[in-house]
Amino acid sequence: MTDDKWKTLILSDVNYQNLVVEVGYDGQLLLLLDHEQGRDCVCITLPQHDGMLGVRIPLSDFITQLKNSAENLCR
């Protein structure tokens, strides 16, 4: 089953040497993924309220924090 609300767009941005992936949900940009620091270091960037992009975070760190937060929530 697919969810048509999720959209992934692979593009090349002039601010990045490598490809960037935009991930959106229901017409809104959720995050950008890039591997600017090499293929083994994918980073995530979340948009800020003003529409600008926030800090880049290693994806592996972000996933670990999400898992830890979800586990704490379910205690």
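Keep in mind that this is a model prediction, so the values were computed, not measured. We're numbering straight along the sequence, starting at 1.
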Report the C-alpha separation of Lys67 and Thr64 in whole Å, then their side-chain angles, then the decisive distance to 0.1 Å, and conclude whether the side chain to side chain contact (heavy atoms under 4.5 Å, CB included) test is met.
-> CA-CA 5 Å; Lys67 287 180 182 179; Thr64 298; 5.9 Å; no
Take Val23 and Trp6 through the test side chain to side chain contact (heavy atoms under 4.5 Å, CB included) and record every step on the way to the result.
-> CA-CA 7 Å; Val23 179; Trp6 286 99; 4.0 Å; yes
Intermediate values then yes/no, side chain to side chain contact (heavy atoms under 4.5 Å, CB included), Val42 and Asp34 = CA-CA 6 Å; Val42 175; Asp34 74 76; over 6 Å; no
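Of the inter-residue distances, the one linking Ile57 atom CD1 with Leu46 atom CG reads 6.0 Å to the nearest 0.5 angstrom. Here the CZ-SG distance, from Arg56 to Cys41, works out to 7.0 Å after rounding to the nearest 0.5 Å.
By the criterion of side-chain heavy atoms lying less than 4.5 angstrom apart, applied directly or through intervening Ile, Leu, Val, Met, Phe, Trp or Tyr residues, Met52 is not grouped with Val55; the two fall into different hydrophobic clusters. Under a hydrophobic-cluster definition in which Ile, Leu, Val, Met, Phe, Trp and Tyr are linked whenever side-chain heavy atoms come within less than 4.5 Å, directly or via other members, Ile10 and Leu59 are assigned to the same cluster.
Within 6.0 Å of CD on Gln28 lie no more than 12 heavy atoms contributed by other residues, nucleotides or ligands. Around the CG atom of Asp40, the shell of radius 6.0 Å holds no more than 12 heavy atoms that belong to other residues, nucleotides or ligands. Residue Leu66 places its CG atom among more than 12 non-hydrogen atoms of other residues, nucleotides or ligands, all under 6.0 Å distant.
The side-chain heavy atoms of Glu22 and Lys7, taken from C-beta on, include no pair separated by under 4.5 Å. Side chains of His35 and Cys43 form no contact here, defined as non-hydrogen atoms less than 4.5 Å apart.
In plain terms, the two heavy atoms of Thr45 and Gly54 that are nearest each other are CG2-O, 3.3 Å. Closest of all the heavy-atom pairs between Pro47 and Leu53 is CA-CD2, 4.2 Å.
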